[in-house]
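Have a look at this one.
Just so it is clear, the model here is predicted, and its values are computed rather than measured. Numbering of ligands and ligand atoms starts at 1, following listing order. Position 1 is the first residue of the sequence; numbering continues from there.
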Amino acid sequence: MQSYDWIVIGGGLGGAALSYELAKVGFAVLLVEQNQTPDNATRFSYGGISFWSGTTPLLQQLGQEGIDLHRTLTEELGEPTHFRELDLILTIDPDRDPQTIAESYNACLHPPTLISAETAAEMEPLLAKPAIAAALHCKHGHVDPEQTIHAYTQAFLRLGGAIEWAKVTDFCWQGSRVEGVIASGTLFTGANVVVCAGGMSRALLRSSGLTIPLYFTQAELIETPSVEVKLHSIVMPAELKRFQMEADAAQPDKVPIWDQPDRAVTVPILDVGAVQLVDGRLRIGQISRTLTTPTATGERETSAAQMRHAIARYLPALEPLPGTWHSCLVGFSGDRLPVIGAIPHTQGIHVFSGFSNPFAILPPLARHVARQAAGQPSPMLDQLAIDRFVGTGTNG
Ligand SMILES: Cc1cc2nc3c(=O)[nH]c(=O)nc-3n(C[C@H](O)[C@H](O)[C@H](O)COP(=O)(O)OP(=O)(O)OC[C@H]3O[C@@H](n4cnc5c(N)ncnc54)[C@H](O)[C@@H]3O)c2cc1C
């Protein structure tokens, strides 16, 4: 039986990028993904690359590396990611103070510019001017998420990587060392296993008694088929509620709730936004919930009606379009940074998870992780290690 240098669990953006980068530096890599037809957070993502939004030296460096990498990724992978740079319009509601909201972005690598409702509506003709007091504007990167995964995966296969379509149900332990995984009843052995299972990372690790400070939201959205209506920009609220919800749901007093089934950790939120992919499909959303049972969702018809009602206010032309409700899990860690590295007190098992808004930073991080594994240390990864949560009351 072949033994791999690395077994990567999960074929979303995290697993696809990391398996490619590990193979590129010369490792023998097996990618294990449970669904041949993607049904994950990457599949339903808007694909926005917020390279401009970092407010710390770490995120600013990664944002710059990320946009540089995306600009050449199609060429490198030999398949299109459909990368482009789009106008991002961040809406400000009439009862909010535009100046104060604009100032809250001052620490960003490239702070967006405050524009009037008139200018925003000229930029995005589908936008209903009376719905907003003003908007913030900047250039945002964009890729087709499914194409990006496809491009990474094809390049990985060309490098000699292997893919197994199977669900990992257990790890193979020898004392405190992991020597492989059990997937659909078969043992696959490897020197290192890395969990890139997105919103399922927590449950997968818990099943082996490992408690890692990773959580998840159930995200709900509407996807339309390819339509003739043309949305020129990405439209989102300037005051996104999702990140605050993630921070609230990982507070020390909330952490014990995550181990109880059928609980809602926080109240659900709706961030009203929309994006159109190159092929004409629109993604309209999004509701986020923190339900402790991964398979739980909101009620499909009620949620879809809520999202349609909300988008009608800002982008009325989108409200009547045909579309299907979808739900998926999005992982997060609570401090807006992913969790990367070896799991303490074990050997051979790592995580690369907790990415809640990763299109800017994940591809360069996958590259840093692979290079470090190949012997080129990357000190920035220390800031993303699991042990940053020790003593905070949130490490589990
Ligand atoms: C509506 C929406 C809009 C978004 N917009 C943006 C955006 O504009 N910009 C941005 O940066 N981010 C955005 N995100 C977030 C982003 O899409 C996700 O954070 C990211 O795609 C997560 O990638 P991942 O690889 O960590 O997880 P996933 O894409 O969820 O992949 C995890 C994979 O692991 C597999 N898996 C799980 N358990 C097992 C197992 N036991 N065995 C085998 N395989 C397993 C799953 O099948 C899945 O394929 C958005 C998300 C949503 C839902």
For ligand 1, does Asn35 get within less than 4.0 Å through its side chain, its backbone, both, or neither, judged by non-hydrogen atoms?
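Looking at Asn35 and ligand 1, just side chain atoms fall under 4.0 Å.
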
Polar atom proximity, Gln34 to ligand 1 (N or O, under 3.5 Å):
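Among all N and O atoms of Gln34, at least one is under 3.5 Å from an N or O of ligand 1.
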
Counting only heavy atoms, which portion of Ser356 has something under 4.0 Å from ligand 1: side chain, backbone, both, or neither?
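For Ser356, the contact with ligand 1 is made by the backbone alone.
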
Any side-chain heavy atom of Arg242 sitting closer than 4.5 Å to one from Asn357?
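Arg242 vs Asn357: side chains touch.
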
How close does the nearest protein non-hydrogen atom get to atom 5 (N) of ligand 1, and which residue and atom is it?
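The closest heavy atom on the protein side is Tyr46 N, 3.1 Å.
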
Between ligand 1 and Arg242, is the shortest N or O to N or O distance under 3.5 Å?
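No; the residue has no nitrogen or oxygen that sits under 3.5 Å from a nitrogen or oxygen of the ligand.
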
Can you report which non-hydrogen protein atom sits closest to atom 19 (O) of ligand 1, along with the distance?
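Result: Phe355 O, 2.6 Å.
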
Please list, in number order, the atoms of ligand 1 under 4.0 Å from a heavy atom of Met200.
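It comes down to these atoms of ligand 1: 37 (C), 38 (N).
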
Salt-bridge contact Arg313-Asp93 (side-chain N to carboxylate O under 4.0 Å)
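Answer for the salt bridge query: yes.
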
Spatial distance of atom CG (Leu205) from atom OG (Ser353) [nearest 0.5 Å]
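Spacing of CG (Leu205) from OG (Ser353) equals 7.5 Å.
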
Under 3.5 Å, N or O to N or O, is Gly15 touching ligand 1 that way?
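Checking ligand 1 against Gly15, no N or O pair falls under 3.5 Å apart.
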
At under 4.0 Å between heavy atoms, is it the side chain or the backbone of Ile49 that contacts ligand 1, or both, or neither?
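Neither; nothing of Ile49 gets under 4.0 Å from ligand 1.
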
Atom 31 (O) of ligand 1 - nearest protein heavy atom and its distance:
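Result: Gly12 CA, 3.4 Å.
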
Contact atoms of ligand 1, heavy-atom distance to Cys328 under 4.0 Å:
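In order of number, 53 (C).
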
Option from Asp279, Thr81, Leu277 for which side chain to side chain contact (heavy atoms under 4.5 Å, CB included) with Glu146 holds
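Single pass found, and it is Leu277.
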
Quick check: Leu13 and ligand 1, any N/O pair under 3.5 Å apart?
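Indeed, backbone or side chain, Leu13 has an N or O that close.
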
Rounded to the nearest 0.5 Å, how far does CD of Glu179 lie from OG of Ser3?
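Separation between the atoms: 8.5 Å.
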
Looking at atom 34 (O) of ligand 1, what's its closest protein heavy atom, distance included?
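Atom 34 (O) of ligand 1 sits closest to the protein heavy atom Gly10 CA, 3.3 Å.
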
Nearest neighbour in protein (non-hydrogen) for atom 27 (O) of ligand 1:
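Its nearest protein heavy-atom neighbour is Gly198 CA, 3.4 Å.
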
Answer yes or no: are there more than 12 heavy-atom neighbours, outside Lys167 itself, under 6.0 Å from its atom NZ?
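Atom NZ in Lys167 is not crowded, with 12 or fewer foreign heavy atoms closer than 6.0 Å.
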
Given side chains that start at C-beta, do those of Ser201 and Ile212 come closer than 4.5 Å, heavy atoms only?
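A side-chain contact is absent here, since even the closest heavy-atom pair is not under 4.5 Å.
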
Protein heavy atom at shortest distance from atom 1 (C) of ligand 1
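Residue, atom and distance for the closest contact: Phe44 O, 3.4 Å.
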
For atom 35 (C) of ligand 1, what is the nearest protein heavy atom, given as residue, atom name and distance?
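Protein heavy atom at minimum distance: Glu33 OE1, 3.2 Å.
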
Heavy atoms from other residues, nucleotides or ligands near CD of Glu75 exceed 12 (cutoff 6.0 Å):
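It does not: Glu75 CD has 12 such atoms or fewer within range.
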
May I ask you to list the atoms of ligand 1 that are less than 4.0 angstrom from any heavy atom of Val32?
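By the 4.0 Å cutoff, the relevant atoms are 43 (C), 44 (N).
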
Of all the non-hydrogen atoms in the protein, which one sits nearest to atom 23 (O) of ligand 1, and at what distance?
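The protein heavy atom lying closest is Thr42 OG1, 3.3 Å.
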
Under 3.5 Å between any N/O of Pro358 and any N/O of ligand 1: does that happen in this structure?
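Looking only at distances, the answer is yes, because the N/O contact criterion of under 3.5 Å is met.
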
Indicate, as side chain, backbone, both or neither, the part of Ala219 found under 4.0 angstrom from ligand 1 when only non-hydrogen atoms are considered.
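Just the side chain.
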
Within the 3.5 Å criterion, strictly below it, is a donor on His350 or Asn192 matched to an acceptor on the partner's side chain?
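Yes, side-chain donor-acceptor contact under 3.5 Å.
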
Proximal ligand 1 atoms for Lys167, defined as those under 4.0 Å from one of its heavy atoms
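Answer, ordered by atom number: 41 (N), 42 (N).
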
Considering the heavy atoms of Phe359, write down every atom of ligand 1 situated less than 4.0 Å from one of them.
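Per the distance check, 9 (N), 10 (C), 11 (O), 12 (N), 17 (O).
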
Show the atoms of ligand 1 that are less than 4.0 angstrom away from any heavy atom in Gly14.
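The list of qualifying atoms is 24 (P), 25 (O).
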
Can Thr293 and Asp262 be counted as having a side-chain donor-acceptor contact under 3.5 angstrom?
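There is such a pair (donor and acceptor under 3.5 Å, judged by atom type) between the side chains of Thr293 and Asp262.
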
Using a 4.0 Å heavy-atom cut-off, which part of Ser353 comes near ligand 1: side chain, backbone, both, or neither?
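It is neither; nothing of Ser353 touches ligand 1.
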
Test of proximity, Gly199 against ligand 1: N or O pairs below 3.5 Å:
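No; every N/O pair is 3.5 Å or more apart.
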
Going from CD1 on Ile340 to CZ on Arg388, what distance comes out if it is rounded to the nearest 0.5 angstrom?
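CZ of Arg388 is found 8.5 Å from CD1 of Ile340.
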
Have a look at Glu65 and tell me which of Gln60, His70, Arg367, His368 forms a side chain to side chain donor-acceptor pair (under 3.5 Å) with it.
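One option only clears the test, and that one is His368.
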
Can a non-hydrogen atom of Ser50 be found less than 4.0 Å from any atom of ligand 1?
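So Ser50 does not count as touching ligand 1.
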
Could you see which bit of Val168 sits under 4.0 Å from ligand 1, with heavy atoms only: side chain, backbone, both or neither?
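Contact part for Val168 vs ligand 1: both backbone and side chain.
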
Give me the other members of the hydrophobic cluster that Ile222 sits in, counting Ile, Leu, Val, Met, Phe, Trp and Tyr linked by side-chain heavy atoms under 4.5 Å, directly or via other members.
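Noted: Ile222 shares its cluster with Ile89, Ile115, Met123, Leu126, Leu127, Ile132, Val227, Val229, Leu231, Val235, Leu270, Val272, Leu282, Ile284, Ile287, Met307, Ile311, Tyr314, Leu315, Leu318, Leu321, Trp325.
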
Interatomic distance, Leu31 atom CG to Trp165 atom CH2 [nearest 0.5 angstrom]
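So the CG of Leu31 and the CH2 of Trp165 are separated by 7.0 Å.
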
Backbone or side chain, does any N or O of Leu362 fall under 3.5 Å from an N or O of ligand 1?
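N/O-N/O distance under 3.5 Å: no.
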
Below the 3.5 angstrom mark, is there an N/O of Gln286, backbone or side chain, next to an N/O of ligand 1?
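In this structure, Gln286 places no N or O atom under 3.5 Å from an N or O of ligand 1.
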
Keeping the roles fixed (side chain from Tyr20, backbone from Ala151), state whether a donor-acceptor pair exists under 3.5 Å.
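No; judged by distance alone, with no hydrogens or angles, the pair does not exist.
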
Test of understanding: given a 4.0 Å heavy-atom threshold, classify the contact between Ala183 and ligand 1 as side chain, backbone, both, or neither.
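Neither part.
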
Salt bridge (Lys or Arg N to Asp or Glu O under 4.0 Å) contacts touching residues 219-232 (sequence neighbours left out):
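Residue pairs passing salt bridge (Lys or Arg N to Asp or Glu O under 4.0 Å), neighbours aside: Arg43-Glu223, Glu220-Arg289, Glu223-Arg281, Glu223-Arg283.
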
For the pair Trp52 and Ile67, evaluate side-chain contact (heavy atoms from CB on, under 4.5 Å) and give the outcome as yes or no after the intermediate values.
CA-CA 9 Å; Trp52 52 271; Ile67 192 68; over 6 Å; no

